[in-house]
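Values in this document were obtained by computation on a predicted structure and should not be read as measured data.
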Amino acid sequence: MSHAAGSNRYYVPEPSIWPLVGSGALLLLAFGAVLSMNSIANGGLLLLAGFVVLLIMLFGWFGRVIGESEAGQYNIQVDRSFRWAMSWFIFSEVMFFAAFFGALFYVRVLAVPELGSPGQALLWDGFVGQWPTAGPAAKDSFTPMHAWGLPAINTALLLSSGVTITWAHWGLIAGKRKQLILGLMLTVLLGVTFLGVQIYEYGEAYSHLNLKMTTGVYGSTFYMLTGFHGFHVTLGATMLAVILVRSIKGHFTAERHFAFEAVAWYWHFVDVVWLGLFVVVYWL
């Protein structure tokens, strides 16, 4: 199989135990989550065990794929299958966020105006159907998060990270290893800084704005959209860190570097989602 890259044969991997390990990790995570949510003993231990097994699976499985790739066992057809797989994965993420954006659209454009209409006055007397609002049944007041503060800083950080990872890609194509490594380092740094600013923003929102998950429909949609995006930034920054380590070790060439491209696609997707969040959650 060492000459698979230059042949027309499709690479068929050997039987692997890692899918079974991953399934076991998901089973432990599911049981641990259910037990923890119901305050049953040992739920936290099962949850922790699930995360540990999941990490072992990720290191083992991805390590094997990296080893096979560096050994030249993947041909163009396998590379194409990887590209389709990543494309469908990003598409699934697009639909994931589309569901939450759709929920926000429904609340702002349809539900809230209807609850403030004259026909609903008997049920919700005095409620004004304008956004932002916690809803007609909410009693505690809150202050919405303004766009031109920490969110604007985070927007600048993510847009800058899109530039740095593109610069790193240019360096890889041109055979400039130092430019590749520096660009990746800057991108990881900008991503981690974004997360730090978001954590600080959440602290300010909770402590000074009374903006919480329990703050009606505004709080729940705000934290669901921005929180899931923060999770994706965390995942993207982790993948970028792995690509950075591989680049330092001398992996990737100008012709064969799909792992880098896959992470770059994902990071640009995260950037685009944030622009949508900045406009519809913070600005409008």
Side-chain angles (χ1 to χ4, degrees), residues 1-26 52-94 161-191 232-271:
M1 296 304 298
S2 60
H3 302 288
S7 69
N8 294 322
R9 296 180 180 179
Y10 192 88
Y11 174 73
V12 179
E14 297 178 359
S16 173
I17 196 175
W18 294 118
L20 294 177
V21 176
S23 299
L26 295 178
V52 171
V53 176
L54 183 64
L55 287 174
I56 293 173
M57 182 273 293
L58 290 173
F59 274 99
W61 200 344
F62 279 90
R64 177 172 178 176
V65 172
I66 291 171
E68 292 172 346
S69 177
E70 289 300 305
Q73 295 183 0
Y74 297 157
N75 61 10
I76 296 177
Q77 190 174 12
V78 177
D79 183 84
R80 189 181 302 117
S81 70
F82 284 159
R83 294 176 184 276
W84 273 109
M86 192 64 189
S87 299
W88 281 113
F89 171 68
I90 293 178
F91 175 75
S92 71
E93 294 283 61
V94 170
S161 72
V163 174
T164 56
I165 195 171
T166 301
W167 184 63
H169 195 188
W170 291 346
L172 175 57
I173 294 175
K176 299 178 180 179
R177 182 69 54 171
K178 290 184 179 180
Q179 179 177 326
L180 165 65
I181 294 173
L182 179 58
L184 284 171
M185 290 177 64
L186 291 173
T187 307
V188 173
L189 179 61
L190 289 168
H232 283 73
V233 172
T234 304
L235 181 60
T238 303
M239 292 191 295
L240 283 169
V242 173
I243 296 300
L244 172 60
V245 172
R246 292 188 61 189
S247 298
I248 294 174
K249 289 185 174 182
H251 294 190
F252 310 125
T253 64
E255 297 78 21
R256 301 182 65 84
H257 54 266
F258 171 68
F260 177 95
E261 287 184 303
V263 176
W265 292 355
Y266 187 84
W267 194 253
H268 288 308
F269 160 74
V270 169
D271 288 350

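- No donor-acceptor pair under 3.5 Å is formed between the side chain of Ser69 and the backbone N or O of Val65.
- For residues 232-243, every residue pair satisfying the side chain to side chain donor-acceptor pair (under 3.5 Å) rule, not counting sequence neighbours, is listed here: Glu93-His232.
- Surrounding CD1 of Ile17 are at most 12 heavy atoms belonging to other residues, nucleotides or ligands under 6.0 Å away.
- Leu240 CG to Leu235 CG: the interatomic distance, rounded to the nearest 0.5 Å, is 9.5 Å.
- Side-chain contact between Glu261 and Tyr266 is absent, with no heavy-atom pair separated by less than 4.5 Å.
- Taking all atoms of both residues into account, the shortest heavy-atom contact from Ser87 to Trp265 is OG-CZ3, 3.9 Å.
- Here the closest heavy-atom approach between residue Asp271 and residue Gly162 is recorded as OD2-CA, 3.5 Å.
- Listed by first and then second residue, the side chain to side chain donor-acceptor pair (under 3.5 Å) pairs involving residues 178-191 are Thr164-Thr187 (not counting sequence neighbours).
- In this structure, His257 has its ring center no closer than 6.0 Å to that of His251.
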Item to check | Criterion side chain to side chain contact (heavy atoms under 4.5 Å, CB included) on Leu180 and Trp170, from CA distance to verdict | outcome: CA-CA 8 Å; Leu180 165 65; Trp170 291 346; over 6 Å; no
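- Note that CZ of Arg83 is 11.5 Å distant from CE of Met86, once rounded to the nearest 0.5 Å.
- The structure places CG of Leu54 at 10.5 Å from CZ of Phe59, a figure rounded to the nearest 0.5 Å.
- Considering CE of Met57 and CG of Leu20, their distance stands at 11.0 Å, rounded to 0.5 Å.
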Next on the checklist: Evaluate Glu14 against Arg64 for side chain to side chain contact (heavy atoms under 4.5 Å, CB included), listing each step before the verdict.
Outcome noted: CA-CA 11 Å; Glu14 297 178 359; Arg64 177 172 178 176; 3.4 Å; yes
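- Annotation: side chain of Ile165 is in contact with side chain of Phe260 (closest heavy-atom distance under 4.5 Å).
- Shortest non-hydrogen contact noted between Val188 and Ala237 is CG2-O, 4.4 Å.
- Checked against a 6.0 Å centroid threshold, the rings of Tyr74 and Phe258 do not count as neighbours.
- Heavy atoms of other residues, nucleotides or ligands lying less than 6.0 angstrom from CE of Met239 number more than 12.
- Here the CD1-CG distance, from Ile181 to Leu172, works out to 10.5 Å after rounding to the nearest 0.5 Å.
- Panel note: side chain Arg246, backbone Phe252; no donor-acceptor pair is recorded below 3.5 Å.
- No side-chain heavy atom of Arg177 sits less than 4.5 Å from a side-chain heavy atom of Ile248.
- In this structure, the side chains of Trp61 and Val21 stay at 4.5 Å or more apart for every pair of heavy atoms.
- The minimum heavy-atom distance between Ile56 and Trp18, with the atom names listed, is O-CZ3, 3.8 Å.
- Residue Ile173 holds its CD1 atom at 11.0 Å from OG1 of Thr253, rounded to the nearest 0.5 Å.
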